[in-house]
K.L.:
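My questions will all concern the structure given below.
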There are 2 protein chains.
Amino acid sequence: MLSVHSQDAVFRALADPSRRAVFEQLTRGESAVNDLTARFSISQPAVSQHLAALRKAGLVLERREGRHVYYRVEPKGLRPLVDWLTHYQAFWTDRMERLQALLKEMDE
Amino acid sequence: MLSVHSQDAVFRALADPSRRAVFEQLTRGESAVNDLTARFSISQPAVSQHLAALRKAGLVLERREGRHVYYRVEPKGLRPLVDWLTHYQAFWTDRMERLQALLKEMDE
DNA sequence: ACGACATATAAGGCGTGGCTTATATGTTGA
DNA sequence: TCAACATATAAGCCACGCCTTATATGTCGT
C-alpha cells in the first residue's frame with residue numbers, strides 16, 4: 001500500500017462541513033482559489049486554509065499556472081476511507097465480500 | 001431513505017481517533033462500558049461520552065441489562081459514509097457503477 | 001435497607017481548530 | 001518598474017471538543 005496519507009488526516013479533513021463543501025465543489029471540476037472564494041461566504045484565507053488541509057490529507061492536488069493556483073480532487077485520496085469501511089465488511093454481510101473483490105481490482 | 005442520522009454527525013463522530021478506537025473495539029463484539037473503560041487509558045466518563053456521540057450518530061446501539069449497558073455496532077450507521085462516497089462515483093471510474101448497483105441491492 | 005457497583009451527567013480546564021484581518025510572496029501587464 | 005491581482009502565511013480571537021473530577025441515578029447482593 002502506497003497510501004502516504006494517514007487515515008486520521010482524511011477523517012479530520014472531511015469532518016468539517018465547509019471543507020466537505022469545498023471538496024464537493026471541486027468534484028464538479030477544477031477551479032482556482034478565486035472561484036471557490038466567490039462561491040462560499042468565507043474569506044479567501046479561510047478557503048486557502050481548507051485547501052491546505054485537504055491537500056495535506058491527500059484529497060486534492062494543486063496545479064500552478066501563473067498567479068493562479070488550480071485545485072482538483074485526487075480520487076485516490078478517498079482510498080483510506082474506503083479501506084476503513086471495508087475493514088468492517090463483516091458488518092455489511094456477505095455482500096461486502098463482493099465490494100472487497102471490486103476494490104482489489106481497483107489496485108490496477 | 002430512512003437514515004435519520006445526519007452525514008455530518010457521522011463524519012464528526014468518526015473524526016476523533018479515540019472514538020474510532022472505541023467503535024473498532026465494538027466491531028469485535030458487544031461489550032459493556034466497563035470493559036471498554038478497562039481497554040483504553042481514558043476515564044469512564046470519557047468512554048460514556050464517546051459512546052453517546054457514536055449513538056447519536058447512529059453508529060452504535062445500546063442494550064441495558066441490569067446495571068450494565070452493552071453497546072454494539074449498528075452497521076446501518078455507516079450508510080451515510082458509503083452514500084457520501086458513492087456520490088462521487090465519477091471519480092472511481094466506471095467500476096463504481098457496479099458498487100452503486102450493489103448498494104441498491106442492500107436496500108432490501 | 002444498605003453498601004458496592006455500573007453508568008450517565010455536570011462542571012470546569014485547556015488545547016485545538018476555524019474564522020477573521022493584516023501582511024508577505026509572487027505574477028501579470030502596461 | 002510599478003500597480004493590480006492571486007494566493008499563502010501570520011497573528012489573534014473565539015467557540016467547540018475532549019478530557020478530567022465530582023456527583024447523580026439506578027441496580028444488584030446481602
K.L.:
Could I get a table of every N or O pair under 3.5 Å where one atom is in the protein and the other is in nucleotides 7-11 of chain D?
P.N.:
from	atom 1	to	atom 2	distance (Å)
D/dT7	OP1	A/Val33	N	3.3
D/dT7	OP1	A/Val69	N	3.3
D/dT7	OP2	A/Asn34	N	2.7
D/dA8	OP1	A/Tyr71	OH	2.6
D/dA8	OP2	A/Ser48	OG	2.6
D/dA8	N7	A/Gln44	NE2	2.9
D/dA8	N6	A/Gln44	OE1	3.4

K.L.:
Just to confirm, is there a sub-4.0 Å distance from OP1 or OP2 of C/dC19 to any side-chain nitrogen or oxygen of A/Ser18?
P.N.:
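Affirmative; the distance criterion is met.
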K.L.:
Roughly, in whole Å, what's the span from CD1 in A/Ile42 to C1' in C/dG17?
P.N.:
13 Å
K.L.:
If you look only at distance, which donor and acceptor atoms sit under 3.5 Å apart when one is on a side chain in residues 31-42 of chain A and the other is two or more places apart or in another chain?
P.N.:
from	atom 1	to	atom 2	distance (Å)
A/Asp35	OD2	A/Ala32	N	3.4
A/Thr37	OG1	A/Val33	O	2.9

K.L.:
Sequence neighbours left out, what passes salt bridge (Lys or Arg N to Asp or Glu O under 4.0 Å) with B/Arg63? Give chain and number order.
P.N.:
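With neighbours one apart ignored, the set is B/Glu30, B/Glu65.
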K.L.:
I want to confirm an ordering. Mapping A/Glu65 and A/Asp16 to their closest nucleotides on DNA chain C, which one lands closer to the 5' end?
P.N.:
A/Asp16
K.L.:
With sequence neighbours excluded, what pairs up with B/Gln49 under the side chain to side chain contact (heavy atoms under 4.5 Å, CB included) test?
P.N.:
B/Pro45
K.L.:
Whole angstroms only, please: what is the NZ-P distance between A/Lys56 and C/dG18?
P.N.:
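Distance check: A/Lys56 NZ to C/dG18 P gives 12 Å.
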K.L.:
Does B/Arg19 make a side-chain N or O approach to OP1 or OP2 of D/dC18 shorter than 4.0 Å?
P.N.:
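Yes, such a contact exists.
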K.L.:
Among residues at least two apart in sequence or on other chains, which ones pass side chain to side chain contact (heavy atoms under 4.5 Å, CB included) with A/Ala15?
P.N.:
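If we apply the side chain to side chain contact (heavy atoms under 4.5 Å, CB included) test to A/Ala15, skipping adjacent residues, the hits are B/Ala15.
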K.L.:
Take the protein atom CZ of A/Arg12 and the nucleotide atom P of C/dT16, then report the distance between them rounded to whole Å.
P.N.:
11 Å
K.L.:
Within this structure, what is the CZ-to-C1' distance between A/Arg63 and D/dA6, rounded to whole angstrom?
P.N.:
15 Å
K.L.:
With a 3.5 Å cut-off and sequence neighbours excluded, list the donor-acceptor pairs that the side chains of residues 66-74 of chain B form with protein atoms.
P.N.:
from	atom 1	to	atom 2	distance (Å)
B/Tyr71	OH	B/Glu62	OE1	3.1
B/Glu74	OE1	B/Lys76	N	3.4

K.L.:
Minimum heavy-atom separation for B/Leu81 to A/Trp84, with atom names?
P.N.:
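Distance-wise, the nearest heavy atoms are CD1-CZ3, 4.2 Å.
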K.L.:
For D/dC19, take OP1 and OP2 only and decide whether either is under 4.0 Å from a side-chain N or O of B/Ser43.
P.N.:
no
